[in-house]
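None of the values given here were measured: they were computed from a predicted structure. Computed over heavy atoms, backbone and side chain alike; hydrogens, waters and symmetry mates excluded. Just so you know, ligand 1 is whichever comes first in the structure, and atom 1 is the first atom listed for that ligand.
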Amino acid sequence: MTDLPMIDAQRLWDAHMALAEVGRIPGDGVCRLAASVEDKAGRDLFARWCREAGLVVRVDRIGNMFARRAGKDESLPPVLIGSHLDSQPTGGRFDGAFGVLAGLEIVRTLDAAGIATTAPIELVNWTNEEGCRFQPSSLGAEVAAGHIALADGLAAKDENGIRLGDALEAIGYLGTADVALKARAYLEGHIEQGPILEEKGEAIGIVGGSMGVNAYSVILIGREDHTGTTPVQRRKDALFGAARCIAEVRALALDFEPNGRATVARILAEPNARSVVASKVTFTVDCRHQGEDELNVMTGRLREIIERISHECGLSFTMEPYWVVPPRSFDATCVAALRSAAAALNLTSRPMVSGAGHDAIPIAAVVPTAMVFVPSRDGVSHHVSEYTTPEQLAAGCNVLFRAALELAVIADPVAADDAATR
Ligand SMILES: [Zn+2]
């Protein structure tokens with residue numbers, strides 16, 4: 001497949017910049033909350049581009065969009081390529097957009113070169129990946145994977161009490177297609193959202209799986225006392241206990257670097273009054289690791305930390321999981337296709353494990369899946385300054401292009417050779 005054409009880097013960049021005008025906010029960012037009017041405008045633009053490329057667009061009952069390029073053998077399930085077009089409230093131009101627009105660029109490249117594939121190729125835009133307007137994140141993909149019932153997904157409410165189903169209907173994207181997914185493979189390109197590729201000077205992350213998550217809501221219970229009259233040694237200070245826990249969670253995290261993470265990111269002290277010793281503190285601890293055994297060891301040590309500190313501070317505690325996801329391995333064939341594509345293109349690459357959530361993670365449970373990461377400048381994402389160069393996007397798209405062709409199989413090698421030498 002060495003004679004395959006290259007994708008058009010300028011066309012790919014131009015598509016990103018055109019999409020970035022939709023829901024644009026100051027500082028080069030975008031705001032396209034799921035099922036908002038801005039999301040509708042982004043979806044409309046994507047659908048128009050797909051139809052102009054001759055793709056057949058359909059929308060399923062949770063609003064996921066699919067755009068199909070027919071294969072020579074229409075009885076085969078398609079190779080899916082995509083990601084998400086929704087964003088954080090102060091999001092950047094590349095998170096999600098890259099995976100969708102890379103798919104579009106792949107189709108445009110195939111068309112320009114006159115290449116037919118045996119299996120169909122379908123582009124996909126999953127609904128509500130970001131999880132900031134409706135919870136949980138990757139809701140459209142979770143429903144498609146059968147992990148969340150359609151009715152429950154549609155009933156998810158935003159902070160104003162608006163149901164996802166109603167919001168999708170209001171923007172014209174509550175479709176009628178069946179949510180059940182049947183695909184030969186799923187490939188997702190995404191910005192790394194971390195600093196590793198840039199730091200190592202490498203072009204491509206070949207993502208072989210995702211970290212498991214054990215996340216807990218911890219509550220420490222002490223006693224309210226007057227801050228002026230109660231000697232420190234007589235207090236049952238829940239906030240002091242929480243502070244000690246936070247410091248030890250950080251030490252725990254450092255013990256499990258580089259393959260694990262542990263974070264306290266949210267805390268609520270009660271009564272949160274200036275002159276009252278805190279009697280109740282609620283905080284989250286988010287533990288992640290790519291190995292199931294290591295994740296369990298982390299969780300065991302976390303429980304030991306909370307127990308010991310509670311005891312030493314005279315507190316009682318509860319520790320309830322609010323988010324549990326096992327580590328997932330992506331499909332070996334898909335990963336190998338991406339790896340050999342990067343090698344054929346002489347691109348530097350490294351195996352990676354995703355620490356962030358992505359649509360590919362639920363989809364991997366039902367469809368052979370793999371992901372490609374491209375570098376994020378300074379590791380920044382979910383921020384208006386998020387940036388990846390046109391060349392870096394093009395490199396990732398070329399890897400996806402070759403891997404997609406390997407998985408969808410070129411139907412007519414002669415035609416492909418002709419196209420390559422035209
Ligand atoms: Zn994303």
When the side chains of residues 388-397 are checked against the rest of the protein, which donor-acceptor pairs come out under 3.5 Å, sequence neighbours left out?
from: Thr388; atom 1: OG1; to: Pro375; atom 2: O; distance (Å): 2.8
from: Thr389; atom 1: OG1; to: Glu391; atom 2: OE1; distance (Å): 3.4
from: Thr389; atom 1: OG1; to: Gln392; atom 2: N; distance (Å): 3.0
from: Thr389; atom 1: OG1; to: Gln392; atom 2: OE1; distance (Å): 3.2
from: Gln392; atom 1: OE1; to: Thr389; atom 2: N; distance (Å): 2.9

Heteroatom count (protein N, O or S) under 2.8 Å of the Zn ion (ligand 1)
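Counting protein N, O and S atoms closer than 2.8 Å to the Zn ion (ligand 1) gives 3.
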Which pairs with one or both residues in residues 141-161 pass side chain to side chain donor-acceptor pair (under 3.5 Å), sequence neighbours excluded?
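Residue pairs with at least one partner in residues 141-161: Arg133-Asp158, Glu142-His147.
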Aromatic ring proximity Phe98/His84, centre distance under 6.0 Å:
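Judged by ring-centre distance (under 6.0 Å), Phe98 and His84 do not meet the cut-off.
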Below 6.0 angstrom between ring centroids: does that apply to Trp13 and Phe94?
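Ring-ring flag for Trp13/Phe94: true, centres closer than 6.0 Å.
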Under the 3.5 angstrom rule, does the side chain of Asn214 hit a backbone N or O of Pro321 as a donor-acceptor pair?
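No, the answer is negative, given that no donor and acceptor are paired below the 3.5 Å cut-off.
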Sequence neighbours left out, what pairs pass salt bridge (Lys or Arg N to Asp or Glu O under 4.0 Å) with at least one residue falling in residues 4-17?
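Passing the test, one end in residues 4-17: Arg11-Glu105.
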